[in-house]
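Values reported hereafter were calculated over all heavy atoms of this structure, with side chains retained and with hydrogens, waters and symmetry mates removed. The sequence lines fix the lettering, A, B, ..., with proteins before strands; numbering per chain opens at 1.
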Number of protein chains: 2
Amino acid sequence: MKLGDGVEAAIHCAATLASVDGNSTMPGAALAEAFGLSPSYLLKHLNQLTAARILESLPGPAGGYRLARAAEQITLLDVVLAIEGREPAFRCGEIRQRGPVKIDASAYVKPCGINAAMLKAERAYRAALAEVKLSDIVAEYAAEGDRRSYAASCAFVERHQRPQKSASSKQT
Amino acid sequence: MKLGDGVEAAIHCAATLASVDGNSTMPGAALAEAFGLSPSYLLKHLNQLTAARILESLPGPAGGYRLARAAEQITLLDVVLAIEGREPAFRCGEIRQRGPVKIDASAYVKPCGINAAMLKAERAYRAALAEVKLSDIVAEYAAEGDRRSYAASCAFVERHQRPQKSASSKQT
DNA sequence: GAATCTATACTCGGATAAGTATTGTCCGAGTCGCTGAGG
DNA sequence: CCTCAGCGACTCGGACAATACTTATCCGAGTATAGATTC
């Protein structure tokens, strides 16, 4: 029951990328600098987000990362699953049929109640995460966050984003 | 987002101990045998449950483990927290104030919205686990589980439980 | 002067070590029950 | 025949390695840009 440290970085980066203009991109090195992280390691997580179709990456001198779709269509659950993996945290090893109590395969057609309870709890967890969109995060930050901090973040984004000529499938 | 393997073993052991009579005990070796686990390693988890006041252990030849309180007063959340630790899975490292965007300490009095959202989701997770009592697990197993499997489990418990002379603080 | 070719610098991507947490195992401290002797 | 002391065996508990995973890093593949060259 411990989330990796990369989840926090991934969400922050995604939220930052949600503030870039149109189809502009932002290099991974700039994102790493913004949060004081190791650039080489952050790329690993950004890579996972790219593989999950949350971000898209453009190579080349003017390249970088940007959201693959609108911030309203990205939830925290998407990001968490992309980093931590899609399989549930609790996986039933069926240890009840590993000891001498084991009877027959036909006796274990039903999943054990423990597994059902754990999976139900995890569904509640994921449902709560699915309700929060990336646009909610940035909106809440813009509305209730500290003005100076917000201005500084915007300035940082403005300074490091790189406009692109051809528009991708970003527009909604 | 991955629960340790010991959680499953701990819940199964607790459910098994919920079926022993009155204040009888069951050795850890018997529990390990019931699920085909390493006895030495299972003791580690049983030890955590004992430290969390969920089980109580009695040394000596007729010793073993038993529930520290009634099965109706033990939830899955208790067991999970005892094994995995009480701190939340997502801990905010405040990376937003680690880069050059950092302004001043007064700008970060509010917890960031990301942390709030993650903790809210985890509260939902824990609430779902807190609703399931250990007595529910055993009742559901007795009612809907396979008859043969249930009978075999009861026989195994009956064979390995060791009655105690003096009653402890088990009665409610 | 314009187009093209080449070299360059910057980007991401995957393969490669170090650190840490989990998993697994072993041996020692403590306690109750059994056996034998003594009253 | 009953009581008590000693011995033994069984229990849990904590200290000690092995493994897997996360974290961190480096170097290579690929691409758009800038400049130089040629027509």
Side-chain angles (χ1 to χ4, degrees), chain A residues 1-10 13 17 23-33 35-52 55-66 68 83-85 87 89 91 93 95 160-166 168, chain B residues 1-10 13 17 24-33 35-52 55-66 68 83-85 87 89-91 93 95 160-166 168:
Chain A
M1 199 55 195
K2 198 189 65 170
L3 265 67
D5 201 23
V7 175
E8 184 182 7
C13 288
L17 288 174
N23 51 12
S24 298
T25 64
M26 195 166 172
L31 289 168
E33 182 192 354
F35 300 113
L37 301 173
S38 166
S40 307
Y41 184 43
L42 183 62
L43 286 193
K44 191 182 182 70
H45 296 309
L46 295 177
N47 215 343
Q48 293 180 279
L49 294 180
T50 304
L55 304 184
E56 56 184 21
S57 64
L58 275 70
Y65 291 94
R66 66 183 169 197
I83 300 296
E84 293 289 325
E87 64 245 24
R91 57 209 178 295
I95 62 173
H160 286 281
Q161 69 179 0
R162 308 205 183 278
Q164 297 296 317
K165 291 178 179 176
S166 64
S168 174
Chain B
M1 198 56 195
K2 197 189 63 169
L3 265 68
D5 201 24
V7 175
E8 184 182 7
C13 287
L17 288 173
S24 298
T25 64
M26 196 166 171
L31 289 169
E33 182 192 352
F35 300 113
L37 299 173
S38 167
S40 307
Y41 184 42
L42 182 62
L43 287 192
K44 192 182 181 70
H45 296 308
L46 294 177
N47 216 342
Q48 293 179 280
L49 293 179
T50 305
L55 305 183
E56 56 185 22
S57 65
L58 276 72
Y65 291 94
R66 67 184 169 198
I83 301 294
E84 293 289 325
E87 64 243 24
F90 183 83
R91 55 211 178 296
I95 63 173
H160 285 280
Q161 70 179 359
R162 309 206 183 276
Q164 297 295 318
K165 292 176 178 175
S166 64
S168 175

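- Residue B/N47 places its side chain closer to D/dG13 than to any other of D/dG13, C/dG14, C/dT23.
- Atoms CZ (A/R91) and C1' (D/dC21) sit 12 Å apart, rounded to a whole Å.
- Put simply, CG on A/L31 is 12 Å from P on C/dT11, counting in whole angstrom units.
- Between the P atom of D/dT11 and the CD atom of B/Q164 lies a distance of 12 Å, rounded to the nearest Å.
- As rounded to whole Å, 19 Å separates atom C1' of C/dG24 from atom CZ of B/F35.
- A straight line from CG of B/L42 to P of D/dC12 spans 10 Å, rounded to a whole angstrom.
- Closest-nucleotide positions on DNA chain D for B/K44 and B/G28 were compared, and the one nearer the 5' end corresponds to B/G28.
- The side chain of A/S57 contributes no N or O atom lying less than 4.0 Å from OP1 or OP2 of C/dT11.
- Of the residues near DNA chain D, A/P59 and A/K2, the one whose nearest nucleotide (by heavy atom distance) lies more toward the 5' end is A/K2.
- In this structure, the nucleotide among D/dT31, D/dA9, C/dG13 sitting nearest to the side chain of A/Y65 is C/dG13.
- As rounded to whole Å, 13 Å separates atom C1' of D/dT23 from atom CD1 of A/I83.
- Rounded to the nearest 0.5 angstrom, B/I95 CD1 and A/L42 CG are separated by 8.5 Å.
- Under a 3.5 Å cut-off, the side chain of B/E84 and the backbone N or O of A/K2 do not form any donor-acceptor pair.
- Rounding to whole angstrom units, CE of residue B/M26 and P of D/dT11 are separated by 12 Å.
- At distances below 3.5 Å, not a single donor-acceptor pair connects side-chain atoms of B/Q161 with backbone N or O atoms of B/S24.
- Between A/L58 atom CG and D/dT33 atom P there is a gap of 11 Å when expressed in whole angstrom units.
- Comparing A/G60 and A/S40, the nucleotide of DNA chain C nearest to each residue sits closer to the 5' end for A/G60.
- Between B/Y41 and C/dT23, a side-chain N or O to OP1/OP2 separation shorter than 4.0 Å is present.
- Looking at A/N47 and A/L55, their side chains never come closer than 4.5 Å, going by heavy atoms from C-beta outward.
- Between B/S38 and C/dT25, a side-chain N or O to OP1/OP2 separation shorter than 4.0 Å is present.
- Considering only heavy atoms from C-beta on, B/R66 stays 4.5 Å or farther from B/M26 through its side chain.
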